[in-house]
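The chains referred to below are lettered A, B, ... by the order of the sequence lines, with proteins before strands, and numbering in each begins at 1.
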Amino acid sequence: MVATSRFALGCARSDLGDGSLPFTLATWNINSVRLREPLVLKLLQDHGPDVLCLQECKSPVDKIPTEAFHAAGYTHMVARGQKGYNGVAILSRLPLEDAGDQDFATLGHARHVAAKLENGVTIHNFYVPAGGDVPDREVNEKFGQKLDYLADMRDWFHSDKPQKSILVGDLNIAPREDDVWGHKQLLKVVSHTPIEVEKLAETQNAGGFVDITRQDIPEGNLYSWWSYRAKDWDAADKGRRLDHVWATPDISNAAHSSKILRDVRGWEKPSDHVPVFATFDL
DNA sequence: ATGGTGGATTGTCCA
């Protein structure tokens, strides 16, 4: 009944014949959802993810430009926001219910929101603190907050083991050597330091999460972010994979067709991050 | 080692 009604909505979804129904999800640090409303619309229209998780909306929830998203078929949204900084939103053309938020490290920032789809899958959308410039909590409070945030994530997923869950977002850490343009050059650069990589692994393991992007694309360099400060981001290609799609083992086998839309970095007035996609047959 | 760019806001703070 649910599948039939979804199909009748005409969202270009197709039954696989085995009772499973695919849905496509994307995560994108948009760096101001109001400034980049046209880019969000373009992504929705050109690529049609069923669910789009945004980070760094930099907008109170009531100022997110939902009208155009609704008109494009994305009639559902779960979001958290604040003025000027942070902010996370989940846009969807599938019904979803608000599943709450967490204020890890007690920062009072809008960095997490969860939503539950009708198929029982919970989606966690995260914007992990960037952590400042100096990778030493003694001299840089922001780095300590980043580590504390990850430790709280770890403890939360450890005490309340997630099931049928997808975790996406800008985790602000590139864990693998081939997730950065230069492993040795970045060992002391925030986002790729060993302590951060270790903390991220602890968080991932606490929830039992599978890295879906790397399940699908196990080999080769993968980036989802290129600094604004590079003169020619494309030619220099000094990227990092900061944006991730994870899933719990009970649904990780349903995932496929991951992709990172590098071209989006070349759109007019781009975000410094590009969307990461995955499809789940559930 | 340094500074480079971009967004929100309107002073700087953040990435």
Side-chain angles (χ1 to χ4, degrees), chain A residues 27-43 53-66 79-89 103-112 125-137 139-150 168-175 179-182 184-193 195-197 199-200 223-244 262 264-276:
Chain A
T27 178
W28 192 12
N29 177 318
I30 192 62
N31 187 16
S32 174
V33 70
R34 283 184 276 176
L35 188 71
R36 283 185 243 287
E37 173 187 356
L39 273 67
V40 174
L41 270 176
K42 180 173 168 57
L43 184 82
C53 297
L54 298 172
Q55 304 87 35
E56 275 208 274
C57 297
K58 293 184 172 177
S59 173
V61 172
D62 62 5
K63 291 190 175 173
I64 295 175
T66 54
R80 296 294 186 273
Q82 59 189 98
K83 188 179 173 184
Y85 306 104
N86 310 313
V88 285
D103 181 23
F104 293 131
T106 330
L107 299 172
H109 296 173
R111 294 183 177 275
H112 168 253
N125 182 17
F126 277 102
Y127 174 48
V128 171
D133 287 333
V134 183
D136 178 351
R137 70 186 309 154
V139 299
N140 170 22
E141 183 186 34
K142 292 188 191 318
F143 193 71
Q145 291 173 347
K146 182 178 194 175
L147 299 181
D148 291 346
Y149 194 94
L150 291 162
V168 306
D170 177 4
L171 306 185
N172 264 316
I173 296 172
D179 290 335
V180 294
W181 63 270
K184 285 182 179 172
Q185 294 93 327
L186 292 176
L187 276 171
K188 293 181 178 176
V189 174
V190 173
S191 73
H192 193 62
T193 65
I195 181 69
E196 290 171 90
V197 172
K199 284 291 176 198
L200 187 69
Y223 313 140
S224 64
W225 172 91
W226 293 261
S227 172
Y228 283 126
R229 297 173 189 177
K231 280 208 164 56
D232 186 342
W233 72 272
D234 196 19
D237 200 21
K238 291 187 172 180
R240 307 176 200 170
R241 187 171 71 105
L242 305 179
D243 304 274
H244 300 268
R262 180 187 175 103
V264 172
R265 185 62 176 79
W267 288 2
E268 197 174 339
K269 293 272 282 176
S271 169
D272 44 355
H273 295 251
V274 300
V276 181

Nearest-nucleotide 5' precedence on DNA chain B, A:N172 against A:R36: A:R36
Salt bridge A:R80-A:D103, side-chain N to carboxylate O under 4.0 Å: no
Candidate nucleotides B:dG6, B:dA15, B:dA8, ranked by approach to the side chain of A:R111 - the nearest: B:dA15
B:dT2 OP1/OP2 closer than 4.0 Å to side-chain N/O of A:R229: no
Polar contact flag, side-chain donor to acceptor under 3.5 angstrom, A:T27-A:Q55: yes
A:K231 side chain near B:dG4 phosphate (N/O to OP1/OP2, under 4.0 Å): no
Value in whole Å for how far the C1' atom of B:dG7 lies from OH of A:Y127: 11 Å
Whole-Å distance separating the CD atom of A:Q82 from the C1' atom of B:dC13: 12 Å
Nearest-Å distance for atom pair NZ/C1', residues A:K142 and B:dC14: 7 Å
Spacing between A:N140 atom CG and B:dC13 atom C1', to the nearest angstrom: 14 Å
Atom pair distance, as rounded to whole Å: CD1 in A:I64 and P in B:dG7: 18 Å
P gap between B:dT10 and B:dC14, integer Å: 14 Å
Rounded P spacing from B:dT2 to B:dG6 in Å: 23 Å
Donor-acceptor pairs under 3.5 Å, side chain of residues 57-65 of chain A to any protein atom, not counting sequence neighbours: which ones?
{"unit_1": "A:K58", "atom_1": "NZ", "unit_2": "A:N31", "atom_2": "OD1", "d": "2.8"}
{"unit_1": "A:S59", "atom_1": "OG", "unit_2": "A:R34", "atom_2": "NE", "d": "3.3"}

Integer-rounded Å distance: B:dC13 P and A:E141 CD: 13 Å
Distance test, side-chain N/O of A:K269 to OP1/OP2 of B:dG7, below 4.0 Å: yes
A:Q185 CD to B:dA1 P, straight-line distance once rounded to whole Å: 15 Å
Length of the CD1-C1' vector between A:I30 and B:dG6, whole Å: 13 Å
Interatomic distance at C1', B:dA1 relative to B:dT12, whole Å: 25 Å
A:Y223: side-chain hydrogen bond (donor to acceptor under 3.5 Å, both in side chains) partners, not counting sequence neighbours: A:N221
CD-CG distance between A:E268 and A:L39, expressed to the nearest 0.5 angstrom: 8.5 Å
